[in-house]
There are 6 protein chains.
Amino acid sequence: MKILVINPNDSDGMRGLIAQSCQAVAFAGLDLEVRCAGAGVASIEGFHDGALAAVGVLQQVARGEAEGVDGYLIACADDTALDVARERAAGPVIGIGEAAMHAASLLGCGFSVLTAQQKSIPVLEQNARSYGFSYQCRGVHALGMPVLDLEHGGDPALQRHLIERGEAILQQDNADVLVLGCAGLTALQPELQQALGVPVIDGVRAGLLLVQALVQAGLKTSKRNGYQSRAVA
Amino acid sequence: MKILVINPNDSDGMRGLIAQSCQAVAFAGLDLEVRCAGAGVASIEGFHDGALAAVGVLQQVARGEAEGVDGYLIACADDTALDVARERAAGPVIGIGEAAMHAASLLGCGFSVLTAQQKSIPVLEQNARSYGFSYQCRGVHALGMPVLDLEHGGDPALQRHLIERGEAILQQDNADVLVLGCAGLTALQPELQQALGVPVIDGVRAGLLLVQALVQAGLKTSKRNGYQSRAVA
Amino acid sequence: MKILVINPNDSDGMRGLIAQSCQAVAFAGLDLEVRCAGAGVASIEGFHDGALAAVGVLQQVARGEAEGVDGYLIACADDTALDVARERAAGPVIGIGEAAMHAASLLGCGFSVLTAQQKSIPVLEQNARSYGFSYQCRGVHALGMPVLDLEHGGDPALQRHLIERGEAILQQDNADVLVLGCAGLTALQPELQQALGVPVIDGVRAGLLLVQALVQAGLKTSKRNGYQSRAVA
Amino acid sequence: MKILVINPNDSDGMRGLIAQSCQAVAFAGLDLEVRCAGAGVASIEGFHDGALAAVGVLQQVARGEAEGVDGYLIACADDTALDVARERAAGPVIGIGEAAMHAASLLGCGFSVLTAQQKSIPVLEQNARSYGFSYQCRGVHALGMPVLDLEHGGDPALQRHLIERGEAILQQDNADVLVLGCAGLTALQPELQQALGVPVIDGVRAGLLLVQALVQAGLKTSKRNGYQSRAVA
Amino acid sequence: MKILVINPNDSDGMRGLIAQSCQAVAFAGLDLEVRCAGAGVASIEGFHDGALAAVGVLQQVARGEAEGVDGYLIACADDTALDVARERAAGPVIGIGEAAMHAASLLGCGFSVLTAQQKSIPVLEQNARSYGFSYQCRGVHALGMPVLDLEHGGDPALQRHLIERGEAILQQDNADVLVLGCAGLTALQPELQQALGVPVIDGVRAGLLLVQALVQAGLKTSKRNGYQSRAVA
Amino acid sequence: MKILVINPNDSDGMRGLIAQSCQAVAFAGLDLEVRCAGAGVASIEGFHDGALAAVGVLQQVARGEAEGVDGYLIACADDTALDVARERAAGPVIGIGEAAMHAASLLGCGFSVLTAQQKSIPVLEQNARSYGFSYQCRGVHALGMPVLDLEHGGDPALQRHLIERGEAILQQDNADVLVLGCAGLTALQPELQQALGVPVIDGVRAGLLLVQALVQAGLKTSKRNGYQSRAVA
């Protein structure tokens, strides 16, 4: 099984963190590749970044199709270019934001999302609503930090801050699962889950597992309606 | 990893079909057990059967907890006793109806469900709505056949009938994914998918993969709100 | 007219409180019976209790059918086994949680629910949503007390506490009706309504009136789709 | 107990039919009055008629308050001036459209509505949605006949036509309860229910029972938010 | 182009403020008339006022039709008698509450509404929901002041109070657009927008522009279903 | 007032049709420019085309900002890159699909959408839902023709076909307004409206009027949350 993980931004540090989390849950024998989109966007913070990155994601999917990739994971919590990639790919395509919300809805009665920047809140709220999780998603909250600052997850002060915010958010929202709404938080999932005592969902791990599962089940993206491929010259 | 699959009804033929589909997607080295609920319900057709079977599901989960089971799959498309099992279990619990709908929502723009009996339609509609798939679930349809008759899936006439109904339903609902809304159809997934040319989701395969994925990711059922365990004497 | 009120738990104290509230609103000449489910559950606090109690509710309905009962009231705010009972009964079946929410939606612009335990919040939220009251139900709140402690409603400190919580909840939710989300609070309805100056809905009274009204109107549970009776040996 | 039933239109024939259905379900000793709104609207067919009738309904409620009326029933399926009447009245106010939909939602998995004129369909659809019954209300259909023609319900051809339309609608909507969406159909409820074999809900009967029940339970309209009474000179 | 703006209440001061805002955005050559409904309601605060005013609005529309009016604006944030006016008029009819919410939904990710009185909150919430803005409308808040007190908008203390409430509401609701939910606030839009740094929507300006736009586009109210005109003697 | 209309595809024929419709509703003295996005996409048929075109739309907005443009219209019914453009622009940005749906919701009780290709149906359904028009949008239908074939609108056979489909769709959906879901149909609006006897909404006209209205009212895109501009080097 050959899976391509696309990091929509071009941060190699982020790519490394994503690759580590993927390795932690890869099936035995998985042919795994983690690539940056290559569109020249350092981090995805809002719609403008997302639009530029989308073209890079699309190019990576096109390259993946030529290489016989079986399934794709888009490793940004905004699920950058998800519909576009589904139209282009034969196999399943999963976004990490989507994967985390699906997993969260299966493990508790309601979840809260914690993302990096205030600016991303409407995007994630809109995604939750579009996926069907209006009820389960109790709130989306921001740390108020640039995405790339989260790469330095080893900082104990940052970890303490995250644990305190996480607990406060669960209380405020009366939620019982925490979704990490930024790929930059992927490395911190184990510590946060340990400290908070509830499921903490990292979409990178959840998403890679989900796409592997769909491929394993012999399932591909439907080409009947919206995702039918347009002839590409 | 130790997974317990619970067949809420007590049909051993059904149990065999479920076990076969599970084997097809089991992770290497999985310790897999498929058991009937043992509550004396031959097939689940409606609320009455579901209530009786629920007690059996609960007993199997209690036994599973004692045996160190890591995750559970409830193998009835009605997702019998799902909340109850989540309250009792430490690990994740997935229902096959739920698993199939989640998978379907990731592979297309809208799905139709095909179940055995007219009587099950409101149950599945209500579940789709409760999970958040009011938009994605375009219609729930019944074959008008008893559940146990579906065990004899090898019958070519039945297969042709299913393919015709499946195609008609996709047209009528303008859907692009077909969900099999009955565990009795599990063995027919490959043929149906082949014939219809769209993803056909069997919740048994999808569900076993999903529960394995959640366990692999180190995720358990949240015990903070609704699923906190009551002290059991 | 013969009505059977089923107390899903086996607390005889609770049964007595329920019977008193029922007597207060019984039609002249009503043949009223209030029985415990007999499934051995002392109080319903969560899904596990509910699943066990469901079998008892079902047995009481079966017995009621044999005795010519015209309608049923299930006297737990979780509306334990409501669908199951509807499938089994010919006449109408009402749950007290459901009855209270319907009544509340007819008397104000939005209602709040006050229940006993934190654990019941997701159940009641989910029920409100399933009945169609996502908009009208402004919040579900818990006292943080065991259900059975509420039987001692005569305690003036408890009454003062309830009045203060009730007022605070109405303010917080911008609601104008209070729903009592636990049968254990039934005896306190008059005092609470008097003190709060808004409608306070006790589902036991509302529910018995509702089921009497449906029987009086000659209405029964539809047997066409989901609630059609399965042949019972 | 003193209940005032207001017929928003000024058809005395309609008033007579309404009074008969009310008598059929009146509590023993009920002080029942059925009055036309007196605003000069012969039948309510659309928004214009409704606005004129609203002033008449309001005047009847004001008169009723002076006479010590305990509760009100508004006997038009459009629930003419329901909010206005609630603001003016101390006791509960119920509309027959609303009452029928509430009752229908308690007796089956989904209901269809049959009204007189095409023009009323959007009004009833909007009401169903506003009350919370988007899911339960499977369709609203029109006979394509003027409201007042329905007064002559004794015509066997009309009855046959209604039975055929009713059955067709239930099939088309996959519904199991039929709501009569016009007061003019009130007298035909018993025959229709008998013929269709499912609950057929007449809002006049259901509504009078509901308002009696709320009064009996000591419940009034909340005066805390939207329905607080404005000082009236 | 001939537009009639109807002020549902009979405050001439309010009429003057409305006319000023209309003039500020009138198309060149617009034949603009601003009239009070003439139903004798000083200000619209709740359902009772609205029902009386509705008859006046209807009479003004009837007069407008006779005079060849091309489009109508109803200048109360409750959108008094909007459906009624649409049924009676040939051209488009817009309410200022509706216009403001539509505009707000086009300029940001979520809006808050600020109205005069607590009593209007449920009306505006219900309208937002009915128009489709359940998601975009993050909260409706009241100043707790009589509508007519807002006419004296020149008072600096009132302006400061409004700016502080506006900012607090945006924070609390995580909203980025403010809707003025009362025609009495129309004159203050420029100052509030300047001070708050986000779009502040005055429905009078937005509504007049919208109705002019619809007339300019050659669009009228559909007469096919709910708004078909009833024959008027 | 300076408005830039961006045609996301690079068809100059389409640009000409769009410009004609814009001229028909331009305010006196409007400085109007209609440009193709220049991203090399001949027509937008699905997500892939949309992603490529988005970058072109973004470049045109950036250029427009440098030129002092006051407001933007995106002239593709898919509302290509709407969020992206809002983030980049100071003034209001409107999409023609969005404009048409808003206008339709103001003129009738429910609308149907007619687009060119089957593949666009899920995109338009999803947009309708995201804007809040789940209830008002009764159906989205496709002609089954390539977008660019619609440029030849003068063909009488095409016009007859459109009128027949339009009438059939309104019947099927019980709708009273028709939305043209493709810019290629813009020139045919007058004929279709004339023939169908209901409002037929062309988003190009509706959208240009709407963006002019918002600019005239002094309203810009909110920069507080999701649309705050990222610093652009």
Side-chain angles (χ1 to χ4, degrees), chain C residues 24-25 27-29 83 86 92-95 98-99 102-111 128 130-137 170 174-178 189-190 193 196-202 205-206 208-214 216-228, chain D residues 24-25 27-29 83 86 92-95 98-99 102-111 128 130-137 170 174-178 189-190 193 196-202 205-206 208-214 216-228:
Chain C
V25 296
F27 285 13
D83 283 334
R86 282 192 178 138
V93 183
I94 298 294
E98 166 187 68
H102 278 265
S105 80
L106 298 167
L107 295 167
C109 298
F111 62 82
S130 164
Y131 302 151
F133 300 126
S134 297
Y135 173 75
Q136 292 93 333
C137 180
L170 293 168
N174 209 20
D176 54 8
V177 176
L178 184 68
Q189 188 270 344
Q193 182 164 282
L196 290 170
V198 299
V200 173
I201 319 286
D202 163 38
R205 285 174 182 81
L208 188 71
L209 283 160
L210 201 45
V211 71
Q212 290 177 104
L214 294 170
Q216 184 77 6
L219 296 167
K220 302 189 171 188
T221 298
S222 179
K223 294 292 157 180
R224 191 177 172 112
N225 288 326
Y227 298 133
Q228 60 185 271
Chain D
V25 296
F27 285 12
D83 283 334
R86 282 193 178 137
V93 184
I94 298 294
E98 165 186 69
H102 278 265
S105 79
L106 298 167
L107 296 166
C109 298
F111 61 82
S130 164
Y131 302 151
F133 300 126
S134 299
Y135 172 75
Q136 292 93 335
C137 179
L170 293 168
N174 208 18
D176 53 9
V177 177
L178 184 69
Q189 187 268 345
Q193 182 163 282
L196 290 170
V198 298
V200 173
I201 319 284
D202 163 37
R205 286 174 182 81
L208 187 71
L209 283 160
L210 200 45
V211 71
Q212 290 178 105
L214 293 171
Q216 183 77 6
L219 296 168
K220 302 187 170 190
T221 298
S222 179
K223 295 291 157 179
R224 190 176 173 114
N225 289 324
Y227 298 133
Q228 60 185 272

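Every chain is numbered from 1, with letters handed out A, B, ... down the list of sequences.
Using a 4.5 Å cut-off between heavy atoms, C/Ala104 makes no contact with chain D at all. Contact of C/Thr221 with chain D is made through backbone and side chain together, with heavy-atom distances under 4.5 Å. Using a 4.5 Å cut-off between heavy atoms, C/Gln189 touches chain D through its side chain atoms alone. For C/Tyr131, the part lying under 4.5 angstrom from a heavy atom of chain D is the backbone only. Within the 4.5 angstrom heavy-atom criterion, no atom of C/Ala28 approaches chain D.
Per-residue heavy-atom pair counts under 4.5 Å with chain D were compared for C/Leu208, C/Leu170, C/Val93, and the maximum is reached by C/Leu170. The choice from C/Gly95, C/Ser134, C/Gly108 that makes the most heavy-atom pairs within less than 4.5 Å of chain D is C/Gly108. Most heavy-atom pairs under 4.5 Å with chain C, from the set D/Leu209, D/Leu214, D/Leu210, D/Ile94: that is D/Leu209. Interface remark: of the candidates D/Lys223, D/Gln136, D/Arg205, D/Gln136 forms the most heavy-atom pairs closer than 4.5 Å to chain C.
Looking at D/Leu106 and C/Pro92, their side chains never come closer than 4.5 Å, going by heavy atoms from C-beta outward. Side-chain contact between C/Arg224 and D/Cys109: absent, with no pair of heavy atoms (C-beta onward) separated by less than 4.5 Å. Using a 4.5 Å cut-off on side-chain heavy atoms (C-beta onward), D/Gln193 and C/Leu219 make contact. For the pair D/Ser222/C/Val177, a side-chain contact is recorded, criterion being any heavy-atom separation below 4.5 Å from C-beta on.
Qualifying side-chain hydrogen bond (donor to acceptor under 3.5 Å, both in side chains) partners for D/Asn174, counting only residues two or more places apart in sequence or in other chains: B/Gln118.
A perpendicular orientation is assigned to the rings of C/His102 and D/His102, their planes being inclined by more than 60° (bins at 30° and 60°).
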